[in-house]
Amino acid sequence: MESSSANWSKKSWADLLKKSVPEDFYSRETLQVAKDLLGKLVVVRTKPTQNWGDARAGVTVSRIVETEAYRADDPASHSCRGETPRSAIMFGDPGKAYIYFIYGMYEMLNFVTEPRGYAGAVLIRAVEPVYGETLMTKRRQSSATKTSRTGLTNGPGRLTQALGIKMAHKGESLWGPTFYVIDDGIRPNAMDSSPRVGIRVATDKYWRFFVPGNPYVSKCRENSLSKPV
DNA sequence: CGTTCGATGCACT
DNA sequence: GTGCATCGAACGT
């Protein structure tokens, strides 16, 4: 899959943002949404007031290369025991950002799926930078982890840091003003699946999806178990 | 670090 | 017995 930054950068922002995927994209079966999100662009626009100094606010664009599906009937999902204060958003309207904080360090970015009343979400596990790499590097440099180029965004905790995503963004819409998910017509040329990372249940479910060979896909044990979709 | 759950204790009826 | 508040431990997409 190519970055094709030349393709979109010639268009105005307005034209780009018009290509946001519609609500009925998210209002579907979570596994299908997780697969279809591969190749989509994520635009994130943060303001100086949102935790960052001026130097760390701004716009990034990146392409999704790795996702995981989490369903209501799924013991690995935060929604599996019904609604709690934290998981309530997964039962609500699709097309919103579900962000949670884990291990005392990492924000995780998810998109809410399924119609209202049915819980589901897709975890964004890795993206490929398309625009704003300098800004991403600035945000990542304060981290204890020194990064290679791919280390900018090749994992769920790293990409939220690089894109400036915080818990304060939980519940925000995927039609702005912070998040936009764009279909620019580019499709991955292949898709693999594997067990999901970091869970101890439902390990027989191949609900992690990624673009094989893409350097920004996270490196983990599960890669050796992957198979084509 | 934040969330959740089970154990515990207390008020109330 | 029921229900609610509080606490601590475990664990985490």
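Chain letters run A, B, ... following the sequence lines, proteins first, then strands; residues in each count from 1. Quick note: numbers below take in every heavy atom, side chains included, and nothing from hydrogens, waters or symmetry partners.
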Exercise for the section: Identify whether any heavy atom of A/R86 sits under 4.0 Å from a base atom; if not, whether one sits that close to sugar-phosphate; answer base, sugar-phosphate or nothing. Expected result: sugar-phosphate

Practice task
Identify whether any heavy atom of A/L123 sits under 4.0 Å from a base atom; if not, whether one sits that close to sugar-phosphate; answer base, sugar-phosphate or nothing.
Solution key: base

Problem - Side-chain ion pair, A/R208 and A/D192, N-O less than 4.0 Å - result: no

Fill in the blank from the handout: Atom CE of A/M90 and atom P of B/dT4 are separated, to the nearest Å, by 12 Å

Handout entry: Length of the CE-P vector between A/M167 and B/dG2, whole Å
Key = 9 Å

Exercise for the section: Quickly work out the A/I102 CD1 to B/dC1 P distance and round it to whole Å. Expected result: 15 Å

Problem - A/E114 side chain vs A/P94 backbone, donor-acceptor pair below 3.5 Å - result: no

Fill in the blank from the handout: When rounded to whole Å, the OH to C1' distance for the pair A/Y100 and C/dC11 reads 13 Å

Exercise for the section: Specify the separation, in whole Å, of atom CD1 of A/I99 and atom P of B/dT3. Expected result: 13 Å

Practice task
Could you tell me the separation between the OH atom of A/Y98 and the P atom of B/dG2, rounded to a whole number of Å?
Solution key: 14 Å

Problem - Rounded interatomic separation in angstrom, taking CD from A/E83 and P from B/dT3 - result: 15 Å

Handout entry: A/W175 ring center near A/Y26 ring center (under 6.0 Å)
Key = yes

Exercise for the section: Assign A/R208 to base, sugar-phosphate, or nothing according to its heavy-atom contacts below 4.0 angstrom with the strands shown. Expected result: nothing

Handout entry: Whole-Å gap separating C1' (B/dT3) and CD (A/E107)
Key = 15 Å

Exercise for the section: Assign the ring pair A/Y98 / A/Y100 to parallel, tilted or perpendicular, where the plane angle (0 to 90°) is split at 30° and 60°. Expected result: tilted

Exercise for the section: Just compare B/dG2, C/dG12, B/dT4 and give me whichever is closest to any side-chain atom of A/R200. Expected result: C/dG12

Problem - side chain to side chain donor-acceptor pair (under 3.5 Å) assessment of A/S218 paired with A/E66 - result: CA-CA 8 Å; A/S218 66; A/E66 180 179 342; 2.8 Å; yes

Practice task
Could you work out which one of B/dG2, B/dT4, C/dG12 sits closest to the side chain of A/P85?
Solution key: B/dT4

Practice task
Could you check whether A/R81 gets within reach of a base, just the sugar-phosphate, or nothing at all, counting any heavy atom under 4.0 Å?
Solution key: sugar-phosphate

